Amino acid sequence: MSKGPALELRDIHKTFGDHEVLKGISLEARDGDVISILGSSGSGKSTFLRCINLLENPTRGEILFNGEALNLKPGECDLYASDMKQLTRMRQKIGFVFQSFNLWPHMTILQNVMEGPLHVLKRPKQEVLEYAEYLLNKVGIADKKHMYPNQLSGGQQRVAIARTLAMDPQVLLFDEPTSALDPELVGEVLGVMRGLADEGRTMLIVTHEMNFAREVSSEVVFLHQGLVEEKGTPDKVFGSPDSERCKAFISSVF
Amino acid sequence: MSKGPALELRDIHKTFGDHEVLKGISLEARDGDVISILGSSGSGKSTFLRCINLLENPTRGEILFNGEALNLKPGECDLYASDMKQLTRMRQKIGFVFQSFNLWPHMTILQNVMEGPLHVLKRPKQEVLEYAEYLLNKVGIADKKHMYPNQLSGGQQRVAIARTLAMDPQVLLFDEPTSALDPELVGEVLGVMRGLADEGRTMLIVTHEMNFAREVSSEVVFLHQGLVEEKGTPDKVFGSPDSERCKAFISSVF
Amino acid sequence: MELDFSVVIEYFPRLLIGTWTTIELVILSIVLGAIVALPVALARISKNPWISSLPFAFIFFFRGTPLLVQIFLVYYGASQFEAVRESFLWPVLREPFWCAIIAFTLNTSAYTAEIFRGAIQAIPEGEVEACKVMGMTKAQMYRRILLPRAFGIVLPAYGNEIILMLKASALASTITLLDLTGMARTIIARTYTPIEIFLAAGAIYLAISIVVIYIFRIIEKRQNRYLGSLSIKVPDKG
Amino acid sequence: ADSIKIATEGAWAPFNYIDDNGKPQGFDVDIAWALCEKMDVECQVVTQDWDGLIPGLKVRKFDAIIASMSITEERLKQVDFSDKYYSGGLRFLAPKGKSFDLENLDGKVIGAQRATLAAQYLEDNYTGKSTLKFYDTQDSVYLDLVSGRLDIVLSDELPTYDWLKTSGNGGKFEFKGDSFKKEDEIGIAVRKGDDLKDKFNAALAEILADGTYEKINAKYFPFSIY
Amino acid sequence: MLDLHGFGDQLLLGAAVTIQLALCSLVVGLILGLLGASAKLSNVRPLQWIANFYTTVIRGVPELLTVLIIYFGATTVLMSVASLFGYDEYIEIGPFAAGVTALGLTFGAYATEVFRGALQAIPKGQHEAAIALGMPAKRKFFRIILPQVWRVALPGIGNLFLVLLKDTALVSVVGLEDIMRKANVAVGNTKEPFLFYLVAAFMYLGLTIISMVVVSYLEKRASRGLTRG
Ligand SMILES: Nc1ncnc2c1ncn2[C@@H]1O[C@H](COP(=O)(O)OP(=O)(O)OP(=O)(O)O)[C@@H](O)[C@H]1O
Ligand SMILES: Nc1ncnc2c1ncn2[C@@H]1O[C@H](COP(=O)(O)OP(=O)(O)OP(=O)(O)O)[C@@H](O)[C@H]1O
Ligand SMILES: [Mg+2]
Ligand SMILES: [Mg+2]
């Protein structure tokens, strides 16, 4: 079995130009952990999440997946993957759900979901099809599988989640998956995510949905200006945070 | 003096394709009246306002200005002005303020404000200049008169109001003048409008600012699906509306 | 085969004479083209099919056929007819220079008309409505707001059109004009060094285009300082 | 080479022109085929605009030019020529009834085809005094003479003779003055140093000797043009 | 009816040549355009320089000159390059090949800008969604990006094709037997310039109309699923 935590980040730094957005963040997620990341706008939540699978190149730090360190080499100012094969393999095991879905508009719902397993993992077509239909069913959108994303009035995020799940990732990263949605759709997506948490999936979630975070998380991390300001169980962080800033933030949203 | 109400609309209908948006709306505004028009999105408020000065051609109905009926002739499906001179004259006396300002970006603030009186009403330049500066002063933007609209960070709507006032209109129509504005600018524009109401100007205002409407209106009209659902003094409409829908709408916003 | 660029130096003054003809051709046809284009564009916008169909056909013909054909039609085609040769137009039509100007003007006016139309129609509807609610007449609206406004929008596309016209002017050489290309071909008839002379001519064209691009960039920058980016799609030419 | 490519212009009737099947025809073309037959090689006759002929030959787009090209000093710097296969002369052409002082054409508009002997003669003798206009093809020269844009035209006598006879314009135009530059000899151009020149010369001698040439000549002109 | 003095067939043959030339140049131009756009957007400085030089030069020089330079110059260049590798045989660049090269280069230069705009119009998220799935760069380009680029670029490319269609007439100057040259020959034989140039004009107009129909069909197809309903 794996020799370390599913995902481990050590001292991640990120600088844009001369603006240091992440000032050293460490975090560990064991199998089955559901970690919520909170923080006010601009605190660096998205940047941190995007550093994990190198959508953003960190300036400093280490990334370990199942105890295996991602090979990084220094570039002009940031770190770059030195082994593209390793990175690709790792990305295939780490799912990422975007705030803005990023579905491919020229493919139907079903094609969007099948693209990864079929052409990246090169699984057999029949198997992929069945699994895709199973997943679309699970997120409750199976009847629209032949529509194109833009023809859907809501539910794009559920498709995006199905697309990510189709890769059978070991870890799921969510970047504010509900904040681009109309209020009535938020509940549906949170429902799907709650189901995933109940299945025991390992998840990192950036979100503004406090109630949801409190309910599903095994751990909550509060970021402030690129640093972990507070960290602990949901009851601890929401109930009796040590940090004044965290307290203020939480009382401002409830 | 004028022989009828400043503005009278009789049984205005408007159909887009096969979608009947206005189903017969009548309204009367006497000199000095401030009438607020409320209603949920899509209820036909903008369409109604735009029918008044024929930005939109009504399908049926009558429009009277100071008791003088606007001459209309039937076209393929809508009514068109049969006397362009009369329409032009009427439009010069009815000011219209848009949600999106619609300033002319290639002219300075001052030129925007002077354009109408100088080239449409053909007033003498010196007089127009003085009046324009007076108005810009009044809306609090005189110091920026030589800037171009896009160089202004806020305040476009105040310029647009000054541009409309420069024509010395007898009636002012406002279509959600504050809904495209950042919160801190809303107050400024409402302040300007409050001043106009206090001066005794005749105004029709489509707005979502309930407090403002309640405060300045002499009459409030609530539209629902193209019909007047409720109508009366602000106290009546906001305090004890007859219609269930109106009640629901008002409680939903307060 | 080696290239011998000494011929370029020897004949450079003659190439410059050709360059001047090219510049004359381009400036004249661009100015006349713009004058013709404006009414064509306005008529084209009209909702009345009686008014808009003729400009439509005009634009379609001149944009849909090669300029080379148009030049030959004007130069050789028109002069085929006795009636034309006897008419008052002949003093103009007998000159290749004016034939080129006529063909270029008609051609560029068709493209320019489309650019104008695009610009006028790209003006946000709200700005037009702001004119209407003020009680402007149609004429006032166009004269005071829409045309000046369109001018700013038109700039990038119009700069392109000038460069396209510059290049298209090379076709004047096919009707005996000694423009830059015509001069180059005449020189080559003596020296038999096509590559050297054509490359030199190409370099001169390139230099002129770069100057035009540069000038328009400056004008645009000044405009955009206060207009924001207002670029619209550029109808292309051939 | 086992097969040779011969270029002609295709706009110089009756020496070379393109018929309504798109095929090159005319005196030059007939001579070309006759020579090929004698040389016993496979030939291809292609057409090329006049001012591209010598440049094209030099960059080996074809191996020989049989296009009524005069042997001149300037051309000899660029290419080699075979012996002459006919000889011509230049002559002015203008509307009937107008008279010209051919020594002094000041202010007149004179036309000729670009890159021809005629054009060069005009450039050498009339530059700055008359307006000179040079055309891509001889056909265009005629068109502009008929339209009246040109006062007078200088061109090779023989094709113009044919034009006067066949185009229906014989009633309106006529030669002015005598033909000159009679020493003008027409040859086959090949690349410098190409031994094709000797083969052409041999074949040329053969067709002149065995009557083939005479037969072709008679097809186009009632007098000998050699 | 129209009396074409027996040159009707010739003109039709010319039309076939014109169409072939246009289509071949289109293929060459599309490839060059994609390469040029990729080069301009790449991080490799020299590639950007080359692409900028290419588009600036080609767009600043008359198409007629490009055709002439390629026709007379390309053989020389090619042969001197080939002789570096010990190949001394003649390399043929006929009018057709020269036309395809010249028009393809021209089309490619303009298409570079169209494709560049289209590539930039694809939201960053579209790339990221593919990257996050662990999709290799090549696959991402061909399956995710290119189909979307195609849709955005189509109107611009369609326009360029109409321009290209008319530019084919220039290749007649180096002797390609296209519509224009056939018309010239007919004029030379019949002395009826007006008739034949007008017929040629309407043939080009016909080809333009056909192209416009095809382009709008392609546009409709490409935008399938991208608009609601
Ligand atoms: N590509 C970039 N270039 C420069 N600055 C960036 C970039 N991406 C993010 N930033 C900056 O980094 C800071 C943190 O951004 P980030 O998106 O991580 O915040 P966040 O916590 O996700 O906020 P939000 O809740 O608004 O999504 C911000 O100040 C932002 O402006
Ligand atoms: N030009 C048009 N063509 C077709 N339908 C239109 C047009 N303008 C408005 N509508 C339709 O008419 C209905 C009423 O629109 P209107 O803009 O008058 O509503 P509103 O009350 O102003 O709403 P909002 O508060 O969102 O501004 C809507 O259903 C709208 O879709
Ligand atoms: Mg974020
Ligand atoms: Mg509205």
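Any value given below was found using the heavy atoms of this structure, including those in side chains, with hydrogens, waters and symmetry copies removed. Owing to the predicted nature of the structure, the values given are computational and were not obtained by experimental measurement. By convention in this document, chain letters (A, B, ...) are assigned in the order of the sequence lines, proteins followed by strands, and residues within each chain are numbered from 1.
- At a cut-off of 3.5 Å, with distance as the only test, no side-chain donor of E:T106 or E:E63 sits close to an acceptor on the other residue.
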Practice task
Show your reasoning for whether side chain to side chain contact (heavy atoms under 4.5 Å, CB included) applies to D:I225 and D:F223.
Solution key: CA-CA 6 Å; D:I225 62 169; D:F223 47 85; 3.8 Å; yes
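- Of all non-hydrogen atoms in D:Y85 and D:L204, the two that sit nearest each other are CB-CD1, 3.7 Å.
- Interface residue D:D19: only backbone heavy atoms are found under 4.5 Å from chain E.
- Contact annotation for residues 4-13 of chain E against chain D (heavy-atom separation below 4.5 Å, listed by residue number): E:H5, E:G6, E:F7, E:Q10.
- A donor atom on one side chain and an acceptor atom on the other are not found under 3.5 Å apart for D:T137 and D:D139.
- The candidate with the highest count of non-hydrogen atom pairs below 4.5 Å against chain D, out of E:V173, E:V174, E:T190, is E:V173.
- Between D:L35 and the options D:I188, D:I4, D:N201, D:V41, a side-chain contact (heavy atoms from CB on, under 4.5 Å) holds for only D:I188.
- Both tests do not hold together for D:K108 against D:Y126: distance to the six-membered ring centre under 6.0 Å, angle to the ring axis within 45°.
- Proximity to chain E is limited to the side chain of D:K5, based on heavy atoms less than 4.5 angstrom apart.
- The residues D:D30 and D:K219 are annotated as salt-bridged, a charged nitrogen and a carboxylate oxygen being separated by less than 4.0 angstrom.
- For E:P95, no part sits under 4.5 Å from any heavy atom of chain D, backbone or side chain.
- The ring-ring contact (aromatic ring centres under 6.0 Å, His included) test applied to E:F142 returns no partner, not counting sequence neighbours.
- Heavy atoms of D:W50 lying under 4.5 Å from chain E are absent altogether.
- Most heavy-atom pairs under 4.5 Å with chain E, from the set D:V46, D:T47, D:D51, D:I18: that is D:I18.
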